[in-house]
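As C-alpha coordinates, the structure follows; a few thoughts come after it.
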Amino acid sequence: MGRAPCCDKASVKKGPWAAEEDAVLRAYVAEHGTAGNWIALPRKIGLNRCGKSCRLRWLNYLRPNIRHGGFTGEEDRLICSLYASIGSRWSTIAAQLPGRTDNDVKNYWNTKLKRRLLGGGRRPIRYALPLPQQPRLLLMSPTGGGAASTALERMQLS
DNA sequence: AAGTACGTCAACCGCGATATA
DNA sequence: TTATATCGCGGTTGACGTACT
(Lines give C-alpha, C1' and ligand atoms only; values in the text may rest on other atoms or scores of the structure.)
Protein backbone atom coordinates (compact mmCIF):
# COMPACT_ATOMS: atom_id res chain seq x y z
CA MET A 1 0.00 0.00 0.00
CA GLY A 2 1.75 3.10 -1.19
CA ARG A 3 1.60 6.49 0.30
CA ALA A 4 -1.20 8.61 -1.10
CA PRO A 5 -0.06 11.86 -2.71
CA CYS A 6 -1.02 14.95 -0.77
CA CYS A 7 -2.56 16.44 -3.91
CA ASP A 8 -2.93 15.86 -7.60
CA LYS A 9 0.50 16.94 -8.73
CA ALA A 10 -0.53 17.02 -12.36
CA SER A 11 -3.22 19.62 -11.85
CA VAL A 12 -1.84 21.96 -9.20
CA LYS A 13 0.23 24.96 -10.11
CA LYS A 14 3.94 24.88 -9.33
CA GLY A 15 6.72 27.42 -9.34
CA PRO A 16 6.95 30.96 -8.02
CA TRP A 17 3.97 32.48 -6.27
CA ALA A 18 2.15 35.42 -7.81
CA ALA A 19 1.38 38.49 -5.71
CA GLU A 20 -2.35 37.72 -6.00
CA GLU A 21 -1.85 34.22 -4.65
CA ASP A 22 0.17 35.62 -1.77
CA ALA A 23 -2.56 38.11 -1.02
CA VAL A 24 -5.29 35.46 -1.02
CA LEU A 25 -3.35 33.14 1.24
CA ARG A 26 -2.26 35.91 3.60
CA ALA A 27 -5.76 37.28 3.91
CA TYR A 28 -7.30 33.91 4.59
CA VAL A 29 -4.77 32.80 7.18
CA ALA A 30 -4.88 36.19 8.88
CA GLU A 31 -8.63 35.89 9.29
CA HIS A 32 -9.19 32.18 9.83
CA GLY A 33 -5.81 30.68 10.63
CA THR A 34 -4.87 27.44 8.96
CA ALA A 35 -7.69 25.54 10.67
CA GLY A 36 -5.16 22.79 11.17
CA ASN A 37 -5.54 21.50 7.66
CA TRP A 38 -3.20 22.77 4.99
CA ILE A 39 -4.31 20.15 2.49
CA ALA A 40 -7.87 21.42 2.44
CA LEU A 41 -6.93 25.10 2.62
CA PRO A 42 -6.11 25.77 -1.05
CA ARG A 43 -9.42 24.28 -2.12
CA LYS A 44 -11.28 26.46 0.38
CA ILE A 45 -9.74 29.65 -0.90
CA GLY A 46 -9.68 28.72 -4.54
CA LEU A 47 -5.94 28.45 -4.95
CA ASN A 48 -4.73 25.89 -7.44
CA ARG A 49 -1.82 24.97 -5.23
CA CYS A 50 -0.68 21.98 -3.23
CA GLY A 51 -1.40 22.31 0.48
CA LYS A 52 2.22 21.68 1.28
CA SER A 53 3.18 24.48 -1.04
CA CYS A 54 0.77 26.84 0.74
CA ARG A 55 2.19 25.88 4.12
CA LEU A 56 5.73 26.42 2.95
CA ARG A 57 4.90 29.77 1.43
CA TRP A 58 3.20 30.92 4.61
CA LEU A 59 5.93 29.71 6.93
CA ASN A 60 8.85 30.99 4.89
CA TYR A 61 7.54 34.17 3.40
CA LEU A 62 4.11 35.40 4.42
CA ARG A 63 4.20 34.94 8.18
CA PRO A 64 4.34 38.18 10.12
CA ASN A 65 7.71 39.27 11.54
CA ILE A 66 9.73 37.29 9.03
CA ARG A 67 13.17 38.71 8.33
CA HIS A 68 15.06 37.90 5.17
CA GLY A 69 18.78 38.27 4.63
CA GLY A 70 21.01 40.55 6.62
CA PHE A 71 22.22 37.94 9.03
CA THR A 72 24.22 39.54 11.82
CA GLY A 73 27.55 38.37 13.10
CA GLU A 74 25.84 37.25 16.26
CA GLU A 75 23.41 35.15 14.24
CA ASP A 76 26.35 33.72 12.28
CA ARG A 77 28.00 32.62 15.47
CA LEU A 78 24.81 31.17 16.89
CA ILE A 79 24.10 29.16 13.75
CA CYS A 80 27.62 27.78 13.65
CA SER A 81 27.55 27.00 17.32
CA LEU A 82 24.21 25.21 17.12
CA TYR A 83 25.18 23.36 13.98
CA ALA A 84 28.31 22.13 15.72
CA SER A 85 26.31 20.82 18.64
CA ILE A 86 23.11 19.47 17.05
CA GLY A 87 23.88 19.20 13.35
CA SER A 88 21.43 20.02 10.59
CA ARG A 89 18.35 20.43 12.78
CA TRP A 90 17.40 23.59 10.94
CA SER A 91 14.01 24.04 12.52
CA THR A 92 15.57 23.83 15.97
CA ILE A 93 18.29 26.28 15.00
CA ALA A 94 15.78 28.65 13.42
CA ALA A 95 13.73 28.57 16.61
CA GLN A 96 16.64 30.24 18.38
CA LEU A 97 16.67 33.06 15.83
CA PRO A 98 13.55 35.21 16.06
CA GLY A 99 12.12 36.03 12.66
CA ARG A 100 14.24 33.48 10.83
CA THR A 101 12.86 30.43 9.08
CA ASP A 102 14.45 27.03 8.83
CA ASN A 103 14.66 27.45 5.07
CA ASP A 104 16.45 30.76 5.45
CA VAL A 105 18.91 29.38 7.95
CA LYS A 106 19.52 26.31 5.82
CA ASN A 107 20.13 28.42 2.73
CA TYR A 108 22.38 30.75 4.64
CA TRP A 109 24.41 27.86 5.96
CA ASN A 110 24.68 26.08 2.63
CA THR A 111 25.58 29.13 0.60
CA LYS A 112 27.70 31.21 2.96
CA LEU A 113 28.74 29.69 6.24
CA LYS A 114 29.59 26.23 4.98
CA ARG A 115 31.63 27.67 2.15
CA ARG A 116 33.39 29.99 4.55
CA LEU A 117 34.17 27.22 7.01
CA LEU A 118 35.52 24.99 4.29
CA GLY A 119 37.84 27.71 3.14
CA GLY A 120 36.18 28.64 -0.10
CA GLY A 121 35.55 32.17 -1.24
CA ARG A 122 33.70 33.42 -4.26
CA ARG A 123 35.08 31.87 -7.46
CA PRO A 124 37.68 29.85 -5.53
CA ILE A 125 38.65 27.54 -8.38
CA ARG A 126 38.09 29.38 -11.57
CA TYR A 127 39.39 32.76 -10.56
CA ALA A 128 41.56 31.93 -7.57
CA LEU A 129 40.86 35.25 -5.93
CA PRO A 130 42.60 36.07 -2.69
CA LEU A 131 40.36 34.90 0.14
CA PRO A 132 39.29 37.06 3.02
CA GLN A 133 40.49 35.99 6.41
CA GLN A 134 38.57 32.92 7.51
CA PRO A 135 36.70 33.24 10.78
CA ARG A 136 37.58 30.59 13.31
CA LEU A 137 33.99 29.66 13.90
CA LEU A 138 34.58 26.10 14.94
CA LEU A 139 36.45 27.22 17.99
CA MET A 140 33.25 28.64 19.36
CA SER A 141 31.51 25.36 19.97
CA PRO A 142 29.86 25.37 23.40
CA THR A 143 30.63 21.67 23.63
CA GLY A 144 34.31 22.30 23.67
CA GLY A 145 35.06 21.44 20.10
CA GLY A 146 34.37 17.73 19.99
CA ALA A 147 30.99 18.04 18.40
CA ALA A 148 32.31 20.79 16.19
CA SER A 149 35.01 18.51 14.88
CA THR A 150 32.48 15.77 14.26
CA ALA A 151 30.20 18.13 12.39
CA LEU A 152 33.06 19.40 10.29
CA GLU A 153 34.22 15.88 9.53
CA ARG A 154 30.72 14.95 8.44
CA MET A 155 30.66 17.97 6.17
CA GLN A 156 34.01 17.22 4.63
CA LEU A 157 33.13 13.61 4.03
CA SER A 158 29.90 14.46 2.28
C1' DA B 1 28.88 42.77 -26.11
C1' DA B 2 28.52 38.00 -25.64
C1' DG B 3 29.32 33.83 -23.38
C1' DT B 4 30.27 31.12 -19.30
C1' DA B 5 30.52 29.71 -14.60
C1' DC B 6 29.22 30.58 -10.00
C1' DG B 7 26.21 32.31 -6.05
C1' DT B 8 21.73 32.93 -4.18
C1' DC B 9 17.28 31.72 -2.78
C1' DA B 10 12.44 30.24 -3.45
C1' DA B 11 10.24 26.21 -4.05
C1' DC B 12 9.75 21.22 -4.64
C1' DC B 13 10.41 16.34 -3.26
C1' DG B 14 10.36 12.50 -0.41
C1' DC B 15 10.28 10.43 3.94
C1' DG B 16 9.50 9.80 8.94
C1' DA B 17 6.40 11.11 12.68
C1' DT B 18 2.01 11.72 14.34
C1' DA B 19 -3.03 11.75 14.43
C1' DT B 20 -7.25 9.63 13.48
C1' DA B 21 -10.76 6.36 12.02
C1' DT C 1 -3.79 -3.12 15.47
C1' DT C 2 -3.77 -1.47 10.97
C1' DA C 3 -4.50 1.69 7.21
C1' DT C 4 -4.81 6.21 5.77
C1' DA C 5 -4.30 11.28 5.96
C1' DT C 6 -1.72 15.06 7.21
C1' DC C 7 2.14 17.54 9.21
C1' DG C 8 6.82 18.85 9.55
C1' DC C 9 11.40 18.50 8.34
C1' DG C 10 15.84 18.15 5.76
C1' DG C 11 17.84 17.60 1.27
C1' DT C 12 17.87 19.01 -3.33
C1' DT C 13 16.79 21.47 -7.55
C1' DG C 14 16.36 25.06 -10.91
C1' DA C 15 15.73 29.84 -12.35
C1' DC C 16 17.78 34.03 -12.17
C1' DG C 17 21.28 37.53 -11.29
C1' DT C 18 26.10 38.63 -11.09
C1' DA C 19 31.05 38.43 -11.78
C1' DC C 20 34.32 37.56 -14.82
C1' DT C 21 36.81 36.32 -19.28
Side-chain angles (χ1 to χ4, degrees), chain A residues 1-26 28-29 32-45 47-73 75-76 78-135 137 147 150-158:
Chain A
M1 197 68 72
R3 181 187 177 80
C6 70
C7 56
D8 180 1
K9 293 185 191 309
S11 64
V12 296
K13 183 180 173 188
K14 290 162 69 172
W17 279 65
E20 305 82 56
E21 293 177 306
D22 279 350
V24 169
L25 180 57
R26 185 187 283 117
Y28 182 87
V29 176
H32 302 96
T34 64
N37 190 341
W38 283 105
I39 302 301
L41 188 146
R43 280 197 298 273
K44 277 186 193 169
I45 61 179
L47 279 181
N48 189 27
R49 288 278 185 176
C50 175
K52 287 175 75 168
S53 181
C54 292
R55 174 184 164 274
L56 200 66
R57 183 66 177 171
W58 169 255
L59 290 177
N60 290 333
Y61 205 82
L62 301 178
R63 235 177 351 152
N65 306 320
I66 291 286
R67 288 185 295 150
H68 285 102
F71 279 80
T72 64
E75 287 174 317
D76 268 20
L78 190 52
I79 291 169
C80 290
S81 168
L82 288 168
Y83 184 90
S85 52
I86 64 174
S88 58
R89 305 282 298 278
W90 302 119
S91 59
T92 304
I93 295 173
Q96 307 302 313
L97 299 166
R100 302 297 188 187
T101 69
D102 56 348
N103 206 40
D104 249 8
V105 173
K106 180 170 57 181
N107 278 331
Y108 186 60
W109 170 264
N110 284 329
T111 61
K112 296 198 176 70
L113 298 181
K114 185 173 165 183
R115 192 181 313 279
R116 212 188 296 170
L117 284 173
L118 291 176
R122 189 172 170 82
R123 326 273 186 207
I125 299 168
R126 189 178 171 207
Y127 304 110
L129 292 176
L131 298 176
Q133 187 175 8
Q134 301 304 310
L137 294 166
T150 307
L152 183 62
E153 282 163 14
R154 265 205 307 273
M155 259 167 27
Q156 289 172 331
L157 286 172
S158 60

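No experiment lies behind these values; they were computed from the predicted model shown. In the text below, chain A, chain B and the rest are named by the order of the sequence lines, each starting its count at 1.
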Atom pair distance, as rounded to whole Å: CH2 in A:Trp58 and C1' in C:dC7: 17 Å

Euclidean distance, atom CG of residue A:Asp104 to atom P of B:dC9 [Å, nearest integer]: 8 Å

side-chain N/O A:Ser91 vs C:dC9 OP1/OP2, d < 4.0 Å: yes

A:Trp90 side chain near C:dG8 phosphate (N/O to OP1/OP2, under 4.0 Å): no

Parallel, tilted or perpendicular, as decided by the 30° and 60° cut-offs, for the rings of A:Trp109 and A:Trp90: tilted

Any A:Arg57 side-chain nitrogen or oxygen under 4.0 Å from OP1 or OP2 of B:dC9: no

Value in whole Å for how far the P atom of B:dA10 lies from OH of A:Tyr108: 15 Å

Spacing of A:Thr92 atom OG1 and A:Tyr83 atom OH [to the nearest 0.5 Å]: 13.5 Å

Phosphate OP1/OP2 of C:dG8 contacted by A:Arg55 side-chain N/O (<4.0 Å): yes

Closest nucleotide among C:dT12, B:dT8, B:dA10 to the A:His68 side chain: B:dA10

Interatomic distance where CD1 belongs to A:Ile39 and P belongs to B:dT20 [whole Å]: 15 Å

Plane angle bin for A:Tyr108 and A:Phe71 - parallel if under 30°, tilted between 30 and 60°, otherwise perpendicular: parallel

A:Lys112 side-chain N/O to B:dC9 phosphate OP1/OP2 under 4.0 Å: yes

Euclidean distance, atom CZ of residue A:Arg89 to atom P of C:dG8 [Å, nearest integer]: 15 Å

Between C:dC9 (P) and A:Lys52 (NZ): distance, integer Å: 12 Å

Gap separating the CG atom of A:Asn107 from the CG atom of A:Asp102, nearest 0.5 angstrom: 9.5 Å

Whole angstrom value for the distance that separates C1' of C:dA15 from CG of A:Asn107: 14 Å

Sugar-phosphate only, base, or nothing, as touched by A:Gly15 at under 4.0 Å among non-hydrogen atoms: sugar-phosphate

Distance-only donor-acceptor test, A:Asn103 side-chain atoms vs B:dA11 base atoms, 3.5 Å: yes

A:Lys14 side chain near B:dC13 phosphate (N/O to OP1/OP2, under 4.0 Å): yes

Sugar-phosphate, base or nothing in reach of A:Asn37, heavy atoms under 4.0 Å: sugar-phosphate

CG on A:Leu41 to CG on A:Leu47, rounded to 0.5 Å: 7.5 Å

Atom-to-atom span, CG of A:Asn110 to C1' of B:dC9 - whole angstrom: 11 Å

